[in-house]
Amino acid sequence: MTASSAPRVRIAEARAHIGQTVEIAGWLYNLRKSGKIVFPIVRDGSGIIQCVGAKADLGDEPFESLKRLTQESSLIVRGVLRADERAVGGVELDVHGFSIVQRVSEEAPYPITPKEHGIEFLMDHRHLWLRSLRQHAVLRVRHEVIRAVRDYFDSNGFTLVDTPVFTPAACEGTTTLFEVDYFDDEKAYLTQSGQLYNEATAMAFGKVYCFGPTFRAEKSKTRRHLTEFWMVEPEMAYATLDDVKQVAEEMVVFVVRRVLENRRADLAVLERDVARLEAVLPPFPKISYDEAVAILQSKGSTIEWGGDLGGGDETILSEMYDRPVMVDRYPSAVKAFYMQPDPERPEVALGVDVLAPEGYGEIIGGGQRVHDLALLEQRIAAHELPREAFEWYLDLRRYGTVPHGGFGMGIERCVSWICGLEHVRETIAFPRMLYRLRP
RNA sequence: UCCUCAGUAGCUCAAUGGUAGAGCAUUCGGCUGUUAACCGAAGGGUUGUAGGUUCGAGUCCUACCUGAGGAGCCA
C-alpha cells in the first residue's frame with residue numbers, strides 16, 4: 001500500500017532519515033490534541049514515533065479527520081522527519097499528509113487503553129495485548145535468547161537434530177502426558193522431552209541439540225509453569241557431568257551477554273536492573289545436593305536428605321548468589337531412571353540443576369546418562385517401565401556405548417529471569433496454561 | 001487434586017446491612033507543544049450465577065461458575 005512516492009521508513013530507522021520526506025505505515029498508538037495541533041503517536045512494530053499535525057498545514061477537513069482518529073486505526077503518514085528533544089524517541093514527524101487504511105469504530109473502541117488493566121482482561125485480549133510496548137520488549141528478548149542459544153550451539157560443533165513431538169510412551173514415566181488418538185486404536189503422547197532421542201542422535205553426530213515445543217499435562221498452577229513451552233536440549237557423546245556443567249555455564253553466560261549487547265533498549269522498557277545481568281559471569285557457584293540441604297536446613301527449611309527441593313527451597317538458594325547456582329548429585333531415588341549413579345556414591349545421581357538468581361529457580365536440568373547396558377536394564381525394571389518400549393534405547397548401549405550427557409533449558413523460564421518478570425506467561429505469544437487455552 | 005484470595009460501568013477501582021460512585025475510555029464543546037495532556041458537559045449498571053437470612057443485601061450465609069496466587073510435580 002502506497003500513499004505517496006516518499007520512501008517507506010521503519011520507525012526504528014527514523015534517525016537515519018532526519019530532514020527527509022518519508023512515509024510510515026502503522027497504527028495509531030495514542031493521540032493528544034490541542035486546538036489546532038494534534039500529536040498522533042504512531043507505532044509500526046519497530047517502535048513508536050510522535051507525529052505533529054497542524055491545522056494550518058493539513059487543511060480543515062483532513063485535520064478534523066486526523067484529530068478524531070481512534071486508537072489502533074491503521075494509517076500511513078507522510079512528512080518530514082525532524083530531530084526534537086521533546087519527543088520520546090528524539091525524532092518527530094511533521095505530517096504533511098496521511099491516508100487512513102481502516103478507522104476503528106468508536107462504538108467498539110480498542111479495548112486496551114493506555115491505562116492499567118488486570119491480568120485476566122489482558123490475557124483474554126492477548127491477541128491485542130501483543131501490540132503493547134512492554135510485550136514487544138519481552139518477545140524481542142525472547143527472540144534474542146533463542147538466536148543466542150542457536151548461535152552458541154551452532155558455533156560450538158553441535159548439529160541441530162530435532163526430535164519428534166508424537167511419542168509412543170513417556171520419557172520418564174512419572175509426569176503426566178497429553179494423550180492423542182493416533183489412527184487405529186493407537187495412542188500417542190505429546191513429547192515432554194527430546195532427550196531419549198537426543199541420546200540416539202548424539203551417538204550418530206557426537207554433539208547435537210534439539211529445540212522445540214514440549215508438553216506437560218501437570219496440573220501446575222504457578223508463575224513458572226506452562227503446559228506448552230519451548231526447550232533447548234543439547235546432548236553430547238563422550239561427556240561427563242563436568243562437561244555438561246561447563247557447557248551449561250558457557251551457554252547461559254553467552255545468552256545473557258548477547259541480550260545485554262543487543263536488547264538493552266528492551267530491558268530498559270522492562271525497567272530491568274541490568275547490573276544483575278552484568279554479574280552473570282563465570283564461574284558460577286557450584287554446590288552439591290548435600291551442601292544445599294545443609295544450607296536450607298540452617299535457613300529453616302524442613303527439607304530432609306532424600307527429598308527433592310521444593311519451590312521455596314529453590315528460591316532460598318537462588319537468592320543467595322548474584323549469578324546462577326549449580327546444584328549437583330541429587331539422590332538417585334528422586335531422579336529419572338536414566339540418570340547415571342555416581343560411581344563413588346551410588347545413592348546420588350550425576351545430575352545437575354541450574355537455578356537462576358533473584359528467586360527465579362530452576363532453568364536447566366541435566367546430567368550424565370546411564371551408559372551401561374546391564375545397569376540400564378536394571379533401572380528400567382526397578383521403575384516398572386515397559387521394557388519393550390525401550391528396546392531401541394537399549395540398543396544405544398549395545399552398539400558402541402559411551403559415557404554421555406546433556407541438559408534441557410526452558411526458554412520461557414530463562415526469558416522470564418532475564419526480563420525480570422513476575423510470570424512466564426508473558427514470555428510466549430500465546431501461553432498455554434492450566435485453565436487457559438484461549439486465545 | 002488441595003489451600004487462600006477475588007468477581008460492582010468497556011477498563012481500573014470505591015461504596016458502616018439503608019438512594020450504586022470516581023478516574024480512564026466513548027460522545028459533544030474548548031485549547032498551536034502535548035508527554036498515561038488538560039478544562040467543561042453527556043451517555044453508560046440484572047453488583048459472576050442460583051438460592052437463603054433480613055423491614056431492607058454490592059455488603060451476611062450456602063452452593064456453583066470464572067479468574068488469580070500458592071502447594072504437590074517439574075523446565
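Just so it is clear: chains get the letters A, B, ... in the order the sequence lines come, proteins before strands, and each one is counted from 1.
- If you check B/rC28, B/rA36, B/rC74 against the side chain of A/Arg68, the one that comes closest is B/rC28.
- Distance noted for atom P between B/rU32 and B/rC11: 35 Å (whole Å).
- The aromatic ring of A/Phe229 is stacked on the base of B/rA75, with the two ring centres less than 5.5 Å apart and the planes inclined by under 30°.
- One P atom belongs to B/rU59, the other to B/rU19, and the distance between them is 14 Å to the nearest Å.
- Figure legend. B/rA50 is base-paired to B/rU62; pairs are counted as Watson-Crick or G-U wobble with both atom distances under 3.5 Å.
- Contacts of A/Tyr435 with the nucleic acid, taken as non-hydrogen atoms under 4.0 Å apart, involve only primed sugar atoms and P, OP1 or OP2.
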Inset, instruction - Determine, stepwise, if the pair A/Gln50 / A/Arg32 fulfils side chain to side chain donor-acceptor pair (under 3.5 Å). - result: CA-CA 10 Å; A/Gln50 173 160 293; A/Arg32 289 182 283 266; 3.2 Å; yes

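- Distance check on atom C1': B/rC61 versus B/rA75 gives 44 Å, rounded to whole Å.
- Counting atom types as modelled, A/Glu107 pairs no side-chain N or O with a base atom of B/rU26 as donor and acceptor under 3.5 Å.
- For B/rU49 and B/rG7, the C1' atoms lie 11 Å apart once the distance is rounded to whole Å.
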Legend entry - Audit row: A/Glu144, A/Asn262, side chain to side chain donor-acceptor pair (under 3.5 Å) steps and yes/no: CA-CA 8 Å; A/Glu144 189 67 41; A/Asn262 296 336; 2.9 Å; yes

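- Heavy-atom distances to RNA chain B give each of A/Arg82 and A/Lys33 a nearest nucleotide, and the one nearer the 5′ end belongs to A/Arg82.
- Side-chain atoms of A/Glu92 never come within 3.5 Å of backbone atoms of A/Asp84 as a donor-acceptor pair (strictly under, hydrogens ignored).
- Remark: B/rG44 base-pairs with no nucleotide; criterion is Watson-Crick or G-U wobble with both hydrogen-bond distances under 3.5 Å.
- In this structure, B/rA36 forms no base pair with any nucleotide, since neither Watson-Crick nor G-U wobble geometry is met with both distances under 3.5 Å.
- You'll find a donor-acceptor pair under 3.5 Å spanning the side chain of A/Ser220 and the base of B/rC73, going by distance alone.
- The A/Arg216 side chain lies nearest to B/rC74 when the options are B/rG67, B/rU34, B/rC74.
- A donor N or O paired with an acceptor N or O is found under 3.5 Å between the base of B/rC74 and the side-chain atoms of A/His225.
- Residue A/Phe121 has its side chain nearest to B/rU12 when only B/rU12, B/rG33, B/rU26 are considered.
- The A/Lys36 side chain lies nearest to B/rU32 when the options are B/rA75, B/rU34, B/rU32.
- In summary, the aromatic rings of A/Phe390 and A/Tyr338 are positioned with their centroids too far apart to meet the 6.0 Å limit.
- Using C1' as the reference atom, B/rA20 and B/rU34 are 36 Å apart when rounded to the nearest Å.
- Comparing B/rA75, B/rG33, B/rG70 by their nearest atom to the side chain of A/Leu226 picks out B/rA75.
- The nearest whole Å value for the distance from the CD1 atom in A/Ile49 to the C1' atom in B/rU34 is 16 Å.
- In this structure, NZ of A/Lys67 is placed 16 Å from C1' of B/rU26, rounded to the nearest angstrom.
- Of the listed nucleotides (B/rU34, B/rA68, B/rG72), B/rU34 has the atom at the smallest distance from the side chain of A/Glu92.
- Atom-to-atom, CG of A/Leu31 to C1' of B/rU26 comes out at 14 Å; the value is rounded to the nearest Å.
- For the pair A/Arg425 CZ and B/rG67 P, the interatomic distance rounds to 13 Å; values are reported in whole Å.
- Pairing of B/rA71, defined by two Watson-Crick or G-U wobble distances under 3.5 Å, is identified with B/rU1.
- Atom NZ of A/Lys335 is separated from atom CG of A/Leu350 by 12.5 Å, given to the nearest 0.5 angstrom.
- Salt bridge annotation for A/Arg43-A/Glu72: present, with a cationic side-chain nitrogen under 4.0 angstrom from a carboxylate oxygen.
- Closest to the side chain of A/Ala56, from the set B/rU32, B/rA71, B/rU12, is B/rU32.
- Across all strands shown, nothing is found opposite B/rU16 as a Watson-Crick or G-U wobble partner with both distances under 3.5 Å.
- Whole-Å rounding puts the A/Leu309 CG to B/rA71 P distance at 13 Å.
- Projected onto RNA chain B by closest heavy-atom contact, A/Met123 and A/Gly118 fall at different nucleotides, the more 5' of which corresponds to A/Gly118.
- When each of A/Phe153, A/Tyr197, A/Phe407 is paired with A/Tyr209, the ring pair (Phe, Tyr, Trp, His ring centres under 6.0 Å) condition holds for A/Phe153 and for no other.
- For A/Pro109, counting side-chain heavy atoms from C-beta on, the closest listed nucleotide (B/rA68, B/rA25, B/rC11) is B/rA25.
- Distance noted for atom C1' between B/rC31 and B/rG48: 43 Å (whole Å).
- For the pair A/His383 (side chain) and A/Arg379 (backbone), a donor-acceptor distance under 3.5 Å is present.
- Nucleotides B/rU8 and B/rA68 are separated by 15 Å at their P atoms, to the nearest Å.
- Base engagement by A/Gln50 is indicated by at least one non-hydrogen atom pair under 4.0 Å involving a base atom.
- When each of B/rC74, B/rA25, B/rU32 is scored by its nearest atom to the side-chain atoms of A/Arg224, the top-ranked nucleotide is B/rC74.
- Nucleotides B/rG67 and B/rC24 have their C1' atoms positioned 23 Å apart, rounded to a whole Å.
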Legend entry - Criterion salt bridge (charged side-chain N to carboxylate O under 4.0 Å, His left out) on A/Arg142 and A/Glu412, from CA distance to verdict: CA-CA 8 Å; A/Arg142 177 193 171 96; A/Glu412 289 78 13; 2.9 Å; yes

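- Nearest nucleotide to the side chain of A/Leu434, out of B/rA68, B/rC74, B/rU1: B/rU1.
- When both pairing distances are held under 3.5 Å, B/rA9 makes no Watson-Crick or G-U pair with any nucleotide shown.
- A/Glu106 comes within 4.0 angstrom of the backbone, heavy atoms only, and of no base.
- The side chain of A/Lys219 places an N or O atom within less than 4.0 Å of a non-bridging phosphate oxygen (OP1 or OP2) of B/rU1.
- With rounding to whole Å, A/Ile119 atom CD1 is found 14 Å from B/rU12 atom C1'.
- Atom pair A/Lys55:NZ and B/rU32:C1' shows a separation of 11 Å (rounding to whole Å applied).
- To the nearest 0.5 Å, atom SG of residue A/Cys419 and atom CZ of residue A/Arg263 are 10.5 Å apart.
- Counting any heavy atom pair closer than 4.0 Å across all strands shown, A/Pro111 reaches no nucleic acid atom.
- Applying the 4.0 Å criterion to OP1 and OP2 of B/rG69, one finds that A/His423 has a side-chain N or O inside that range.
- Here B/rC74 presents its C1' atom at 16 Å from CD of A/Glu228, a figure rounded to the nearest Å.
- Counting non-hydrogen atoms under 4.0 angstrom, A/Met231 reaches the backbone sugars and phosphates but no base.
- Nucleic acid contact for A/Asp353: none, since no nucleic acid atom lies under 4.0 Å from a heavy atom of the residue.
- Interface remark: the A/Arg32 side chain does not form any donor-acceptor pair with the B/rC31 base, using a distance-only criterion of under 3.5 Å.
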